[in-house]
Every structure is written in C-alpha cells, then in structure tokens.
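Here it is, the structure in full.
Chain naming here is simple, since letters A, B, ... match the order of the sequence lines and numbering starts at 1 in each. Hydrogens, waters and symmetry mates are skipped; everything else that's a heavy atom, side chains included, is used.
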2 protein chains.
Amino acid sequence: MRLTTKGRFAVTAMIDLALHGDNGPVTLAGISERQKISLSYLEQLFGKLRRNNLVSSVRGPGGGYRLMRPMNEVSVADIILAVDEPIDATQCKGKENCHNDQRCMTHGLWTSLNTKIRDYLTLVTLEQLVTSPKVKNVSVLQDLRAHK
Amino acid sequence: MRLTTKGRFAVTAMIDLALHGDNGPVTLAGISERQKISLSYLEQLFGKLRRNNLVSSVRGPGGGYRLMRPMNEVSVADIILAVDEPIDATQCKGKENCHNDQRCMTHGLWTSLNTKIRDYLTLVTLEQLVTSPKVKNVSVLQDLRAHK
DNA sequence: ATATACTTGATAAAAATTGTCGGGTATTGC
DNA sequence: GCAATACCCGACAATTTTTATCAAGTATAT
C-alpha cells in the first residue's frame, strides 16, 4: 500500500465521478475541469481503474465513465491499489535467502503494519466519502472507529 | 501523510535501532548491513530523524545513534512525518480562490481522510512493533483496534 | 601530541517516478 | 459525414527517490 499524490488524484476523481454520475456517463474533460487534473493524467488513471473493474467506459458522444459497482462497495484501498502499483520495501522479495533472522523479522514487522493500513483503508468506502456533510471541513470518518 | 518506501525504510531502521540500542549507540553501517539499506540513504534519513528529535547522534569511534525518547512515545506517524515531507494534493493551496464549491468539497474530503490515516498511525508505537511476537509473520497489531 | 580509524554531516550525481503535452486512432450519437 | 468522446502512445519536464563522493568531528592507541 503506497500513498502518494497519484492515489489522491484517483480518489478525488472517483469522488467526482460518484457525485456526477446521476445523469449518464461522466466525461474526463469534466472531471479535469472541476478537479484541475490534466486530461492526459486522468486518461492514464482511468485506464487502470477500468482494467481493475472499478469503472466502465462508454465511447462516442455522450460517453464517459460510470462506476461499475455501487458506491458502498468501492473502498479507498481499492482505488489506491488500482492506480498505485504496490512496491516491495523488503530486500528479500519473498525469496528464501533470508538467513539473517533479524532482517526477516523487521521485514515481517513492516509488512504486518502495511497490512493493517490496507485493512483500515478498506473500511472507508466511496459512499462514506460522498455522503458525509459536504460543507464542513471536519473529519469525514469521525465515527468510523469504535473506540473514539 | 505520504506513504512511500522512504517512510518504510525509516520505520524499518528505527525498529532496528530500537532492537540494538541496548549496548550503546547503533551505527548506521550496522543498520545498513542488517536491513540492506544503503549507507548514504540512511545518513540522509537519520539527518532528518535527528533534526526532528527522534534520535540523537554520537560522533567518533563507538558512536552512532540512540533513540531520544522511550519506544512507547515514538509513533509510526512521527517517523514517517519526519522523513516524508508532507505534500499538498490540493490545487488551491489554502488560498481563497476556490470559487467552485465542488472542488473545495472534494479537497476537504480528502484532507479529512488524510487526517484519519495520520491519526491511525499515531496510535502505533515503536514499542508495539518491537515487542510483538517476533518469529511469527502474522499481524502485529491484531488486537489494537477494538472492533476486531 | 599526533596519527589513525570510525563515524556523522553535507553535497553532488544518478535513477526512478510523476505529471504534462501533443499527436494519433477507434467508436458512436446526431 | 461530423463531432464528441474514449483510448493509445511517445516524448518531455519536473519531482522524488536512491546512490556516490567528499568533508569534518572525535575517541583511542601509540
């Protein structure tokens, strides 16, 4: 799970798509103008989103993109994983040549944390982002986690 | 809050430092060999960690780095924020020229999510990572979150 | 004291990633 | 047919990540 501007742009674009998807497909040109993301970049991002079955495309006039699943079945993790190829911060890439226990240990610790972050972002759906109070700049997910 | 290999390397290095800090300062050369991170890169990372008061340095033979705070007072968020300069994914960088409500809205939503991720990583301390069962490759933080 | 090895600290360079621009082709509604 | 739109590609600049190189400080032995 990597978290960079690339993933942020993808999340922002998906939110825009979710918000404007009521009247047929949404054009990338529209998203580009509203969100100030370059059209070329959006094309790259939506190519990946489409190949990951998060959106579907309609060509020709009146065409554009549609969400392929209901908003409550699309998580932030889905979006980020679709556009941000996961990278491997460990040196022993799954190989069995890790003789030094210490090394494997810390790597294991890290990958565990990594899993936790992904699990957390899996809980946040597009629907939650879209249906939150819009005008307030407060936290979207304040009530998501039980112990707070 | 950005999450890249840079931050991962920093977390891994800090875990290594916490594990080997019992017998005086830990050298970057040692961390480099154990974790397979280039010495030069570690030098840069620890420069930032030092400037953020997460570690202190001792020069000369027998020197190295020490944790500056107890392990339970160092969070993963602390480490990542120290080395990974936060970037601004919004286009209207705090300016008031955001006439399009739609744009500001999604930006607000994103920054909220961003805050949530940071809050989450703030709960994970170095101590939790280090004292977790070492040999198992299972999740480190399985019991951290109440509703699971 | 002085040399020497060890180590941090700083800067430059190389590699990888991110983002933009421009050109094209394919598809489809009108 | 025409125009709107997705889709694909290559080139490029900007940024970030990673490595390489050099300089400076300091404990220790001699």
Side-chain angles (χ1 to χ4, degrees), chain A residues 2-13 17 20-21 23-33 35-52 54-68 80 82-91, chain B residues 1-13 17 20-21 24-33 35-52 54-66 68 80 82-91 93:
Chain A
R2 192 160 51 162
L3 203 49
T4 66
T5 49
K6 195 175 189 175
R8 290 171 206 236
F9 281 141
V11 171
T12 299
L17 177 55
H20 296 84
N23 311 325
V26 179
T27 69
L28 293 189
I31 298 177
S32 172
E33 186 178 8
Q35 305 303 332
K36 305 300 178 196
I37 304 172
S38 90
L39 182 57
S40 303
Y41 202 29
L42 283 175
E43 286 171 355
Q44 294 176 43
L45 296 179
F46 274 79
K48 294 186 176 186
L49 293 173
R50 180 173 50 85
R51 285 187 285 276
N52 280 84
L54 292 181
V55 300
S56 62
S57 64
V58 180
R59 299 171 79 142
Y65 286 90
R66 279 201 190 93
L67 287 179
M68 215 162 171
I80 290 176
V83 301
D84 243 342
E85 334 271 328
I87 48 177
D88 190 1
T90 64
Q91 301 302 339
Chain B
M1 171 67 64
R2 194 161 48 162
L3 204 48
T4 67
T5 48
K6 196 175 190 174
R8 290 173 206 237
F9 283 144
V11 171
T12 300
L17 176 54
H20 295 84
V26 179
T27 68
L28 293 189
I31 298 177
S32 172
E33 185 179 9
Q35 306 303 332
K36 303 303 177 193
I37 305 171
S38 90
L39 181 59
S40 308
Y41 201 27
L42 283 174
E43 286 167 356
Q44 288 184 52
L45 296 180
F46 274 78
K48 293 187 176 187
L49 293 172
R50 179 175 49 85
R51 285 187 285 276
N52 281 83
L54 292 180
V55 300
S56 61
S57 65
V58 180
R59 298 173 79 140
Y65 286 92
R66 277 203 192 92
M68 216 161 171
I80 291 176
V83 301
D84 245 342
E85 335 270 326
I87 48 177
D88 189 2
T90 65
Q91 303 299 338
K93 301 174 184 295

Should the side chain of B:Ser40 and the base of D:dA20 be counted as holding a donor-acceptor pair, with the cut-off at 3.5 Å? yes
Between atom CD in B:Gln35 and atom P in D:dT19, what is the gap in whole Å? 14 Å
Residue-phosphate contact under 4.0 Å: B:Tyr41 side-chain N/O, C:dA15 OP1/OP2: no
Atom CG of B:Leu28 and atom P of C:dG9 are separated, to the nearest Å, by 9 Å
Would you indicate what B:Gly64 reaches in the nucleic acid, counting non-hydrogen atoms under 4.0 angstrom: base, sugar-phosphate, or nothing? sugar-phosphate
Indicate whether OP1 or OP2 belonging to D:dA4 is found under 4.0 Å from a side-chain N or O atom of A:Thr27. no
What do the steps show when you test A:Lys6 against A:Leu45 for side-chain contact (heavy atoms from CB on, under 4.5 Å), and what is the final call? CA-CA 8 Å; A:Lys6 195 175 189 175; A:Leu45 296 179; 3.9 Å; yes
Counting only side-chain N and O atoms of B:Arg51, is one of them less than 4.0 Å from OP1 or OP2 of C:dG9? no
Rounded to the nearest 0.5 Å, what's the gap from CZ on B:Phe46 to CG on B:Leu28? Could you check? 5.5 Å
Options D:dT18, C:dT28, C:dG9, nucleotide nearest the side-chain atoms of B:Phe9: D:dT18
First of B:Ala29 and A:Gln44 reached from the 5' end of DNA chain C, by closest nucleotide: B:Ala29
Kindly say whether, by distance alone, the side chain of A:Glu43 makes a donor-acceptor pair under 3.5 Å with the base of D:dT5? no
So that I can tick it off, tell me whether A:Arg2 and A:Asp84 are bridged by a salt bridge, with the cut-off set at under 4.0 angstrom between side-chain N and carboxylate O. yes
For a quick test of reading the model: is some side-chain N or O of A:Arg59 closer than 4.0 Å to OP1 or OP2 of C:dG29? no
Base, sugar-phosphate alone, or nothing: which one does B:Tyr65 contact when heavy atoms must sit under 4.0 Å apart? sugar-phosphate
Measure CZ/B:Arg8 against P/D:dT18 and give the value in whole Å, please. 10 Å
Tell me the interatomic distance from B:Lys36, atom NZ, to D:dT18, atom P, rounded to whole angstroms. 17 Å
Look at B:Thr4 and D:dT17 and indicate whether a side-chain polar atom (N or O) is within less than 4.0 Å of OP1 or OP2. yes
In this structure, how many angstroms lie between the C1' atom of C:dG23 and the CG atom of A:Leu39, rounded? 13 Å
Without decimals, in angstroms, what is the distance between A:Leu42 CG and C:dT20 C1'? 12 Å
What's the CG-C1' distance between B:Leu3 and C:dT18, to the nearest Å? 17 Å
So, for B:Val83 and B:Gly7, which heavy atoms are closest and what is the spacing to 0.1 Å? CG2-CA, 4.0 Å
Can you check whether A:Tyr65's main-chain N or O pairs, donor with acceptor, with A:Ser57's side chain at less than 3.5 Å? no
Ignoring backbone atoms, test whether A:Ser57 places a side-chain nitrogen or oxygen under 4.0 Å from the OP1 or OP2 oxygen of D:dC7. yes
Give the nucleotide from the list C:dT28, C:dG9, C:dT18 with an atom nearest to the side chain of A:Pro61. C:dT28
Integer-rounded Å distance: C:dT8 P and B:Leu17 CG: 11 Å
The criterion is side-chain contact (heavy atoms from CB on, under 4.5 Å); which residues satisfy it with A:Thr27, sequence neighbours excluded? A:Ala29
Among D:dC7, D:dT18, C:dT18, which nucleotide has an atom closest to any side-chain atom of A:Arg2? C:dT18
